Asker: 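My structure is below; once you've seen it, I'll send some questions.
Each chain gets a letter, A, B and so on, in the order the sequences are listed, and its residues count up from 1. This is a predicted model, so every value here is computed, not measured. Reckoned from all heavy atoms, side chains included, excluding hydrogens, waters and symmetry mates.
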There are 2 protein chains.
Amino acid sequence: MPSEHILKAFDEELKRLDNLIARMGGLAETQLARAVEALERRDGELAAKVVEDDRAIDELEHEIDIASVRMLALRQPMAADLRSVIAALKISSDLERIGDYAANVAKRSIALSQAPLIAATGVVPRMARLAQAMIKDVLDSYGLRDVDRAVAVWHRDQEIDDMYTGLFRELLTYMMEDPRNIGPCTHLLFIAKNIERIGDHATNIAETVHFMVTGKRLWEARPKGDTTAYAVVAPKEGKEV
Amino acid sequence: MPSEHILKAFDEELKRLDNLIARMGGLAETQLARAVEALERRDGELAAKVVEDDRAIDELEHEIDIASVRMLALRQPMAADLRSVIAALKISSDLERIGDYAANVAKRSIALSQAPLIAATGVVPRMARLAQAMIKDVLDSYGLRDVDRAVAVWHRDQEIDDMYTGLFRELLTYMMEDPRNIGPCTHLLFIAKNIERIGDHATNIAETVHFMVTGKRLWEARPKGDTTAYAVVAPKEGKEV
């Protein structure tokens, strides 16, 4: 049997892991907020800073990986403790991707700051605020081991997907109206897609929290992805290009 | 000390894990090939099949997760063995994403099959073949624990990124030429982006194999992502829309 001393050490390491995840999540949330701020204010300097700061998130992921693997090796946790360590590994990888997407939003906002303003830009910050709230809530659900909160985040992804689908169609009409919009609208399309993907990763984290706490999969028809992949924007008459 | 019996059981479980990863990788590779075939042949039926079959990859991921966590719990592996199990967890999550991207390519090819043919469609299969080769080679590097092969895959990602960047610019010009191209070109843009992301995930797997075998990170300026995020396609004169 493990001694009380070892149990206490493990609990402290687990708390440290929780802490690292919380910090990483906070960074990811902030990076997204700053990227969108850079987009709204057309602030290339801020955007460049966001791109640069992505490195800090990558470093935290590595730190969490090292800490998790070390705990698996030295403490050989079982059952719920084991699931917690595995969850940390999975969540850090989702947060790393969220950071990447935020950095990509920032990069594209640099290009956009040199292009004419597109009216639809306003939808993007709304989408981003939703995504930010999802990141925040899902990290709370992790910190509190609160399954209900995780499930609520999981369901909320649909809202972002719907906004994305609407924006997708709107941007296509802008492009068709004026070819000069095509460049900036394409960037905006990818920015929106990045935010939609951030929502997917928050959904992943919700699934991980569910598994961590209950030991069971949150498995129904997963509300994944947007539906624009099926959107047919056919021209009036067929034409071979 | 663990008995020989336990060591043998662990080796067998590890072999089974390798096998699951190999199978999952094979499925992912095939899914990408079929999705691109559906795109080239404008075959909506095949595309629908690809979308449906994504479920098999998701199931394999779950199987690998369960097997890995079970091994961590029951066998409490150390050092290289521990890294192997962690690697399986990480690789299965990359392969699951590759499957998702292949399914998305298939979905979009359904929409494209109803639109006029775009000349640039030909670049996409070339990109896809590169991505497929990367998946195949990186899985070989995993099976053989061959670091050199993994590093070679890691470097090859640049080629896909370059093709993507070229295609991105080409597609923008098609869109500008004729607004009827905007819908199909947008789908093609996302298809190419999906394939570019598949290359990124192959790169991730290469990094994981490197860490698994050497215990060290493959860490330089990682050849990640495309550069089109910075592409400025500014109109001749500024115009507020």
Asker: Angle between ring planes, Tyr164(A) versus Phe190(B), binned at 30° and 60°: parallel, tilted or perpendicular?
Answerer: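 Perpendicular.
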Asker: Would you mind checking which part of Asp65(B) comes under 4.5 Å of any heavy atom in chain A, side chain (CB onward), backbone (N, CA, C, O), both or neither?
Answerer: side chain
Asker: Heavy-atom distance under 4.5 Å to chain B: side chain of Leu171(A), backbone, both or neither?
Answerer: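 Neither; nothing under 4.5 Å.
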Asker: Are the side chain of Glu207(B) and the backbone N or O of Arg217(B) linked by a donor-acceptor pair below 3.5 Å?
Answerer: no
Asker: Could you measure the distance from the CD1 atom of Ile198(B) to the CZ atom of Arg97(B)? Nearest 0.5 Å is fine.
Answerer: 10.0 Å
Asker: Checking heavy atoms, do the side chain of Ile191(B), its backbone, both or neither come under 4.5 Å from chain A?
Answerer: neither
Asker: Donor-acceptor pair, distance only, cut-off 3.5 Å: does the side chain of Asp157(B) make one with the backbone of Thr203(B)?
Answerer: no
Asker: Find the one option among Ala73(B), Ala79(B), Cys185(B) whose heavy-atom pairs under 4.5 Å with chain A are most numerous.
Answerer: Ala73(B)
Asker: Between Met78(B) and chain A, with a heavy-atom cut-off of 4.5 Å, which part of the residue counts as in contact: side chain, backbone, both or neither?
Answerer: side chain
Asker: For Tyr142(B), is there any backbone N or O sitting under 3.5 Å from a side-chain donor or acceptor partner on Arg145(B)?
Answerer: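 Yes; judged by distance alone, with no hydrogens or angles, the pair exists.
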